[in-house]
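This report refers to the structure that appears directly beneath it.
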Amino acid sequence: MAEGEKRGRIGGKSSNPYHENRKYPEPTECPRCHLIYRNGRWQQGDEANDTQKTHSSHCPACRREIDHLPAGLLYLSGPYLDRHREEILNIASNQSQSAAAQRPLQRIMWIEQGTDTTEIATTDSHLAMRIGKAIEGACKGDLTIKHAHDAQLVRVYWERSG
Ligand SMILES: [Zn+2]
């Protein structure tokens, strides 16, 4: 049994299929986003090396997108948001692009505008927190981060009333 599997059983939970540290045979290509798993991590394909025969498996980020199961949810609300929506959504998209350059598994899954709240879902909890902190840094307001009990979903709330 692999070390990671042993650890995953502590607390009675089966191992997390979305976990970034899960091992795959190398090289494995994701048939959906074409990232390549090589040297122990998912990364952008390298054309010079991609001619060799590869295994095929969805990367953890695509798996979450297919299952509609985010790792991070960011809720934006307050009157300030209505007046600065474009600016705030630009911050989110800039943060996601700069995160993806280093960590291609960190993606925005959807942005849904409700009547009072805009919801941003991410494939990685760090990205939700990163976007929330960037918005707080640029626009002030109040940021709250709540970790679920099993630590597989982080909810981030940002609100500015003024
Ligand atoms: Zn993928």
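Note that ligands are numbered from 1 as they come in the structure, with each ligand's atoms numbered from 1 the same way. Numbers here are sequence positions counted from 1.
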- Listing protein N, O or S under 2.8 Å around the Zn ion (ligand 1) gives Cys30 SG, Cys33 SG, Cys59 SG, Cys62 SG
- Item | Set of residues satisfying side chain to side chain donor-acceptor pair (under 3.5 Å) with respect to Glu159, sequence neighbours excluded |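 Result, side chain to side chain donor-acceptor pair (under 3.5 Å) vs Glu159: none returned.
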- Atom pair CG/CD of Leu127 and Gln106 - distance to nearest 0.5 Å: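 Interatomic distance, Leu127 CG to Gln106 CD, rounded to 0.5 Å: 5.5 Å.
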- Please say which of Pro31, Pro104, Cys30 ends up in a side-chain contact (heavy atoms from CB on, under 4.5 Å) with Cys59. Cys30
Scan the side chains in residues 138-145 for donor-acceptor partners under 3.5 Å anywhere in the protein, sequence neighbours excluded, and list what turns up.
none

Run the side-chain donor-acceptor check on residues 69-80: report pairs under 3.5 Å with partners two or more places apart or on a different chain.
none

- Item | Considering all heavy atoms, the nearest Trp42-Leu35 contact | CZ3-O, 3.6 Å
